[in-house]
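Predicted model, so just to flag it, every value in this text is computed and none were measured. Atoms within each ligand, like the ligands themselves, are counted from 1 in listed order. Side chains are part of it too, since the values below use all heavy atoms of this structure and drop only hydrogens, waters and symmetry mates.
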Amino acid sequence: MKIAFFDTKQYDVPSFEKFGKESGVDFKFFETKLSEDTAQLANGCEGVCVFVNDSVNSAVIDRLCEMGVKIIALRCAGYNNVDVKHCFGKIHVLHVPAYSPYAVAEHTMAMLLTSIRRIHKAYDRTKDFNFSLNGLTGFELHGRTVGVVGTGRIGRVFVDICRGFGMNVIAYDKFPAEGSGIKYVTKDELFEQSDIISLHCPLNDESYHMINENSIAKMKKGVVIVNTSRGALIDAEALLDGIKERRVGAACLDVYEEEADIFFEDYSGHIVADDTLARLITMPNVLVTSHQAFLTEEALANIAETTVKNITQFFESGSCPNELCYRCGSVENCRKQRAERCF
Ligand code: NAD
């Protein structure tokens, strides 16, 4: 079974080769991302394996189908880069719904602590034998209110971590988890009451630019915004304005709306054309990591194992429990309402 593997990074290869070999899946690794220009590389393959920044639009899907490609195996949870509705009746889309919520939730707390305790600044200083503490005053999480948007797998782990710090946790979710003991509030109440806001919901029509000029205006002065979910949950221009006007106290961003051509690559020595990202990075109270939250040994192994299992299950039985729903384009909603996928 041949699978064209797009946007390969050096850390992907060992785990996918290991699990692929054990199950008879032959991955053809390509460094390039999947796009209309590169889809041709999948010729002769039964499937493609893609990540968050591969562009799987309608033209790419049609091209893959013409070449006889049967499946799109996402090696991630999010699927906003795939035109899922266009796939209906044409090609099957499998994803990895969960691989390690701990990886992302722990990175979220790592970013938050780094930012508010100025660890990144202290690290730079002591490397240069500067032991001054001026400007490094932080604040304590204990007793602060954290607003968690999205209480699915990752959000729930993050809630538990925050409780361990003695924080007051409030949450907003389109589908609140009944019996979870989480205190749910409306989106506006969350914006108004939180000292820290952490985003853990998927990107969809409803959540697009959830953090914008209007929502920032409702927030407490000095709010810390953390996004380890998807970049376009935040209107980056509005965030930049909020920081410049001192309304937003700090931002921790593992994802960025226009990350597709920038993140995961080495642009040191280049002039980055994205002025908003460049300006955000210059801010002393903005911390950016490059979509790194998932990157743990445990998560990489789980991702490879589940992706290979999805592929073999699909080709052996014609179906796979991790196949997305095509009609509603939202696997969470569909699974809540129906027993089977709408294919
Ligand atoms: P999940 O499906 O378990 O949980 C998502 C939750 O969001 C659900 O409870 C759902 O009801 C809720 N939700 C859906 N639409 C919403 C809306 N409009 N407003 C508020 N809540 C809404 O997903 P998860 O595994 O917890 O992952 C959360 C997100 O984290 C993913 O969608 C993905 O974008 C992101 N993620 C990022 C990384 C990374 O490396 N930075 C890695 C994995 C996942």
Side-chain angles (χ1 to χ4, degrees), residues 7 9 11-12 50-53 74-82 84 95-112 147-161 170-180 182 184-191 194 197-212 215 225-234 252-257 259-260 263-264 287-300 302-303 306-307 322 324-325 328-337:
D7 200 10
K9 297 288 179 282
Y11 52 76
D12 290 317
V50 299
F51 196 50
V52 292
N53 290 325
L74 286 151
R75 52 182 190 277
C76 54
Y79 45 88
N80 53 284
N81 54 328
V82 181
V84 176
H95 79 145
V96 181
Y99 41 87
S100 174
Y102 307 102
V104 182
E106 288 175 14
H107 189 83
T108 307
M109 183 49 91
M111 290 192 89
L112 177 58
V148 178
V149 180
T151 53
R153 284 168 286 251
I154 295 169
R156 296 274 283 273
V157 175
F158 187 64
V159 165
D160 288 344
I161 292 173
I170 56 173
Y172 166 74
D173 194 298
K174 211 179 146 195
F175 305 100
E178 281 167 30
S180 61
I182 295 172
Y184 286 100
V185 295
T186 65
K187 212 189 296 180
D188 278 352
E189 285 168 342
L190 184 142
F191 291 149
S194 301
I197 295 174
S198 193
L199 305 178
H200 300 286
C201 65
L203 176 63
N204 50 37
D205 290 347
E206 230 172 295
S207 62
Y208 175 79
H209 282 189
M210 164 186 284
I211 306 295
N212 55 36
S215 52
I225 299 174
V226 190
N227 188 8
T228 57
S229 193
R230 282 291 180 268
L233 294 177
I234 297 183
C252 305
L253 309 173
D254 184 53
V255 285
Y256 173 67
E257 185 167 6
E259 71 179 50
F263 280 18
F264 304 115
L287 189 64
V288 175
T289 53
S290 180
H291 209 132
Q292 182 189 332
F294 75 98
L295 196 63
T296 63
E297 288 168 10
E298 295 84 350
L300 287 175
N302 288 342
I303 290 169
T306 307
T307 305
N322 291 333
L324 296 178
C325 172
C328 64
S330 162
V331 72
E332 293 85 10
N333 297 350
C334 184
R335 280 192 179 151
K336 286 202 166 116
Q337 289 157 23

Mark up the atoms of ligand 1 that fall under 4.0 Å of a heavy atom belonging to V104, in ascending order.
-> 38 (C), 42 (C), 43 (C)
Which one of A293, G155, A299, S229 has a non-hydrogen atom at the shortest distance from atom 31 (C) of ligand 1?
-> S229
Intermediate values then yes/no, ring-ring contact (aromatic ring centres under 6.0 Å, His included), Y79 and H95 | CA-CA 8 Å; Y79 45 88; H95 79 145; 5.8 Å; yes
Backbone or side chain, does any N or O of D254 fall under 3.5 Å from an N or O of ligand 1?
-> yes
Would you call the rings of H200 and F158 parallel, tilted or perpendicular if under 30° counts as parallel and over 60° as perpendicular?
-> tilted
So, is G78 polar-close to ligand 1, with some N/O to N/O distance under 3.5 Å?
-> no
Which segment of Y99 sits under 4.0 Å of ligand 1 when only heavy atoms are counted | side chain
Check: I154 N/O within less than 3.5 Å of ligand 1 N/O | yes
Check each of R153, E206, R230 against atom 23 (O) of ligand 1 and report the one with the nearest heavy atom.
-> R153
Pick one of side chain, backbone, both or neither for how T151 approaches ligand 1, counting any non-hydrogen atom pair under 4.0 Å.
-> backbone
Which ligand 1 atoms does P202 reach within 4.0 Å, using its non-hydrogen atoms?
-> 5 (C), 7 (O), 13 (N), 14 (C), 15 (N), 32 (O)
Under 4.5 Å between any side-chain heavy atoms of D173 and I182, yes or no?
-> no
